[in-house]
Every structure is written in C-alpha cells, then in structure tokens.
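Down below is the structure, laid out as structure tokens.
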Amino acid sequence: MVEEQAERPADRIWRRYDRRQRLIHYAVVLAVTMAVVWAVHDIDIFWPWVWDAPNQISNLGARMWPPDPTRLGAIVAAMLETVHIATLATMLTVFIALPVSYIAAQNTTPNRACLWLGRFILVASRSVNTIIWALLFVAIFGPGVLAGILAIMFRSVGFIGKLMGEAIEEIDRRPVEAMEATGASKAKIIVYAVVPQVMPAFFAILILRWDINIRESTVLGLVGAGGIGVILQGAIDTFAWPTVATILVAIIALVLIGEALTSLLRRKVL
Amino acid sequence: MLEISQLTKRYGQDDPVLTGLDLTVEGNSVVAIVGASGAGKSTMLRCINRLVEPTSGSIKLNGHELVGLKGAELRRARRRIGMVFQGFNLIDRLSVMENVLAGRLGYVSLFQAVTRRYPQADIERAFQLMERVDIAHYANKRADELSGGERQRVGVVRALMQEPEVLLADEPTASLDPRTSEQIMMLLQSLASELSLPVLINIHNVSQAKTYTERIVGLRHGKMIFDGRPADFTSDALDAIYGGIEAAQDEPPAPPAATRKHEAPHEPF
C-alpha cells in the first residue's frame, strides 16, 4: 500500500498563464485604473449645473412643446438637400476610394511608393472629422452645398478606401493564380478574379457609408455647409424652440427611414 | 513536346526544392508525378507555366524556351499551357460559363472580357467541351452551387478552352471523394488521347497513377528517382519515393507497460 502510494507521480501543475504573463495582466489593469482615476480627478465638471439638469430639461421641453409645423415646407426641402449631399458625396467618393484602395492593398499595389501614398491618403482622410473638413471647405468655397459634399467626400474616401483595401487583401488567392495561368493580363485578372470576390463587401460598405453620411450631413449646416443643419442653427440662434423640436423630429424620422432602407438594401444585395 | 532540362528551383537561401531535373514528355502521353508532400511536384508544374520562377535550367514547349520570358511574351506562352488545380480555383461568384470562358482571357481584349462579348467560336467551343464533360446544363449556374466533381470538370474545361499544347494538373483529385476522383482521372486520360495533348498529373494516389497513366515519374527531395511504366512501379520504387518502412522505424515503439502507467496516473492499481 505504502509503496504504491510512493510510486504515484506527484500531481501535475497546469496554469493557463505563466508568472510573467500574469504580472503583465496586473500591470495593464493597474494602468487602466490609474488612467480612469486621473481623468475623473482632472476633469473640471461644475456639479451644480449637473444637479440643475432635470430642471433645465423640463424647462426646455416646455418651450419646445408643441413642435411648430409652420416651417415644415422649408424643413422638408432642407432634409432632401441633406439626403442629396449624402448620396452625391457617397457616389463621387467611390471614384476616388476604389483606386486608392487598390494601391493601398498589399496584394494589388504596384510598388512600395504607391502603397505608402495610398495609406497616407487613407490616414489623412480618416484622421480629420467631417466637421473640420466642412469648416475648411466653407472657408475655401464659401458656405453652401458644395462645401458639404466635399467635406463628406473627403472623410468617406478614408472609410471606403480602408475597408475596400482590407477586402482586397482578404481575397482568395487561388482564382488569381488560375487567371494568371490562362495568360490573362493584370487588368483582366482584376476584373475576373478580384472584382467578383470584393463585390459583396463593396456594396455592404457603400450602403453603410451612405447611412453614416446621411447622419453626418445633418450637422454640416452648423458650420454653414448646407442641409438641414442650416435651419437648425438658425432656429437655435433665434430661440425658436418649437421649430427646433420639429427639426429634431424630422432628423430622427430621416435617420429611421435611412436605417430601414439600408437594411432592406443590404438584404437584397447580399 | 515538353522538354525540361537541368531544372533547379531554390526558395531564398534554403536547400533547393528541385535539383537538376530532366524530363521529356511527348505526344499525347499521360504522365503521373508522384512523391511525398514537399518533394517538389507542385513546384515543378508551376515552373512550367512560370507561376513559380525557376532558379536555373530550361523548359521548352514545342521548341519554344519558356524560362526567361517576360510580360506579354510570358502571357502568350501561358495561353498554351492549361492548368487544373487541387482546389479547382474557380471564381465562385461567377457563372459556370464565365468561369469556362475565363480560359480565353489570354486571347480576347479587355473590353470583350469585361462585357462578356466573347467571339462566337469561343462560345461554341465552350458548349462543346461542357457537353463533353456533362456540365452544359449548368452554364448559367453560379460556380459555387456545383459539387466538387462538377467544379473540377469546370476547371478542366477552363484549361481546355485555352487550346493548350500541354495540360498540367496539380493534385486534381486530392479534394474529391474516391469515386469522383476516379472519374476525373478517367476524363483526363481520355481527353489526352482525344485532343492528342500531353498531360502531367501530380498525384498522391499511387494506384490511380498506375491505372490511368502510362508513365510514372517519382520525385524525392527534388530529384527524380523513378521514371518508367506503371508495370515497373514496384513496391521497392514506392518505398524509395515515400521513404517506405525505414521512415516508420525511425520512431522507436514505446514500451507498452510504461505507456499505460503514464496514461492513467490517478487510477489506483
């Protein structure tokens, strides 16, 4: 009995993470906690205003109610303009974003210089917010729809270009190899082996960006770049709160319609 | 006639995958290339249509040197070399007909390719070949709706659309069930004689190689160590190519008693 006990090997120890990995985990948790504590400590919130917020909300709500429909005609027209800005900008973006995604994808780019140029365009476009682009273009082209369209475009190029670039990088290489073997030129290989593979991703990305662009173009007017935001800004400046309420309802309605439409399109296309 | 001489391929600074390979294939013969994974079979086929760049050596197809060709000349040479792949390499979202016509991409203009306006002769040839392999009724189906065997037949027809002077098949049956792979091998064999086309087939299945081909080439570590008729392909040759029993003996069998103890250490005994 005793002998058999001694013969039994010791219990083997197994741990998912070793000592070093566990220390790293603790360090990460500590660092995140410190960052949060630091941020809460440093940020200056005027608390009396926060406690007063419920009052302000009911006050503003009372001033907004009932929504004023007298300017509905102008609001609907501005809403349509908003949708037009989003649609036009999304369509125009495609012509820039597709070539950029082509040179920014590792597997299709002609050379390193093009790869870095493509990546630079994408990063530059993505790192600047639509509103900042709009401010810039209002300064250049003056207030109006054109500035809005350009602003949306400049931001969308980065979005569509980056996602399409990733879609191109993820294609199955085997059809490409097969097309090479038939003696097809590079352009024909792209048309037959690359385009069909990225088509679903392209439509999904395009619909998603159109959806985002509708929402983004509702605020363009705040900096004078056309759309519903112009009327909204005017109404807020003149304290026409019932009109503001109508505009907000209209924006919510538009976004909901856009959402419904895009999810329908997505089902149809994919 | 395909003449490979002193073909060497080395990836980077590693040991060469192919060393001084010589192989001549004439007329409408079907040649099976057998060998373990990593023996260089795939590399050899891909050197022929230059999907892989040979390090040195010469490959001549009907007298024309293939090594060193560039750009448009290389593409023109590739049109005459059909290839069938292990994974079929079809374009899933395109129709069977589009996949088949893709075999003509080397001949038609970009405009014709984009708008699918292929010459009538190409369309006629496509239908004839598809009828030959029984897939004509799928012409407008999407390629990914077909079964494995049907997909491989699309792959074969696509390669034949090129009007090739040689057909390369890289493990054409490895992704198929035994019955279907027999059918594909039979198809390749009969097409070779119908179209008087030399066919090179990389294959793992030695019994299929013996049944459906008239010549077997055995590769090991990038060197040809067997070249002869299926009848001469004895079990000695098989052992030489795949390493045979010696390799299996490299691992010493574990003493059974000891193994059992380690397997169930917590059982009372």
Side-chain angles (χ1 to χ4, degrees), chain A residues 1-14 94-95 98-99 102 107-108 110-111 164 167-207 266-270, chain B residues 45-46 48-52 69 71-95 98-99 101-116 142-144 154-155 158-159 161-162 164 168 170 261-262 265-269:
Chain A
M1 203 40 195
V2 177
E3 263 175 33
E4 279 171 6
Q5 281 281 352
E7 223 178 85
R8 245 175 79 169
D11 285 345
R12 279 174 289 186
I13 296 164
W14 180 84
V94 169
F95 294 99
L98 287 186
Y102 176 77
N107 50 349
T108 51
N111 53 51
M164 278 310 287
I168 293 172
E169 282 175 358
E170 277 165 22
I171 61 166
D172 183 358
R173 236 209 77 77
R174 291 174 303 174
V176 176
E177 189 185 37
M179 293 301 100
E180 274 174 28
T182 65
S185 63
K186 184 128 197 206
K188 289 175 198 161
I189 294 172
I190 289 163
V191 172
Y192 270 74
V194 180
V195 171
Q197 291 197 61
V198 298
M199 222 44 171
F202 173 69
F203 282 118
I205 293 164
L206 194 68
I207 291 166
R266 225 168 274 144
R267 264 204 308 278
K268 289 275 175 214
V269 171
L270 304 185
Chain B
L45 279 200
R46 281 173 164 71
I48 296 172
N49 63 3
R50 298 272 307 280
L51 290 179
V52 165
L69 292 181
E73 272 182 23
L74 173 62
R75 292 200 294 273
R76 241 192 316 279
R78 276 178 176 163
R79 300 193 303 198
R80 295 294 184 179
I81 307 169
M83 190 161 193
V84 177
F85 300 86
Q86 173 179 352
F88 322 131
N89 296 19
L90 303 182
I91 306 136
D92 283 342
R93 298 181 57 85
L94 295 188
S95 67
E98 285 171 301
N99 269 286
L101 287 171
R104 298 301 292 174
L105 281 182
Y107 295 92
V108 299
S109 71
L110 180 61
F111 176 76
Q112 285 174 308
V114 173
T115 57
R116 312 313 197 230
R142 255 173 64 153
D144 54 4
V154 176
R158 175 177 65 190
M161 282 301 288
Q162 291 173 236
L168 313 173
D170 188 21
K261 244 185 214 167
H262 284 297
H266 294 293
E267 261 174 33
F269 44 91

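Not measured: the values here are computed from a predicted model. Numbered from 1 within each chain, the chains take letters A, B, ... in sequence-line order.
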Hey, is the main chain of B:Ala113 close enough, under 3.5 Å, to the side chain of A:Tyr192 for a donor-acceptor pair?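 Such a contact is found between A:Tyr192 side chain and B:Ala113 backbone.
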Are any of the side-chain heavy atoms of [X] and [Y] separated by less than 4.5 Å?
X	Y	result
B:Met161	A:Thr182	no
B:Gln112	A:Lys188	no
B:Glu98	A:Pro196	no

Heavy-atom distances under 4.5 Å only: say whether [X] touches chain A with side chain, backbone, both or neither.
X	value
B:Arg79	both
B:Arg158	side chain
B:Leu94	side chain

Heavy-atom closest pair, residues B:Arg46 and A:Glu177: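 Minimum heavy-atom separation between B:Arg46 and A:Glu177: NE-OE2, 2.8 Å.
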Taking all atoms of both residues into account, what is the closest heavy-atom pair of B:Met83 and A:Ala181, and its distance?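 Residues B:Met83 and A:Ala181, closest heavy atoms: CB-CB, 4.3 Å.
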Side chain to side chain contact (heavy atoms under 4.5 Å, CB included), that's the test. Do B:Phe85 and A:Arg174 meet it? Break it down for me. CA-CA 9 Å; B:Phe85 300 86; A:Arg174 291 174 303 174; over 6 Å; no
Looking only at heavy atoms and a cut-off of under 4.5 Å, which of B:Ile81, B:Asn89, B:Leu51 has the most pairs with chain A?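 Looking at each option in turn, the highest pair count goes to B:Asn89.
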Please report the interatomic distance CG(B:Leu110) to NZ(A:Lys186), rounded to the nearest 0.5 Å.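 If we round to the nearest 0.5 Å, B:Leu110:CG and A:Lys186:NZ are 14.0 Å apart.
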Nearest 0.5 Å, please: how far is CD in A:Gln197 from CG in B:Asp92?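 Between B:Asp92 CG and A:Gln197 CD, I get 7.5 Å after rounding to 0.5 Å.
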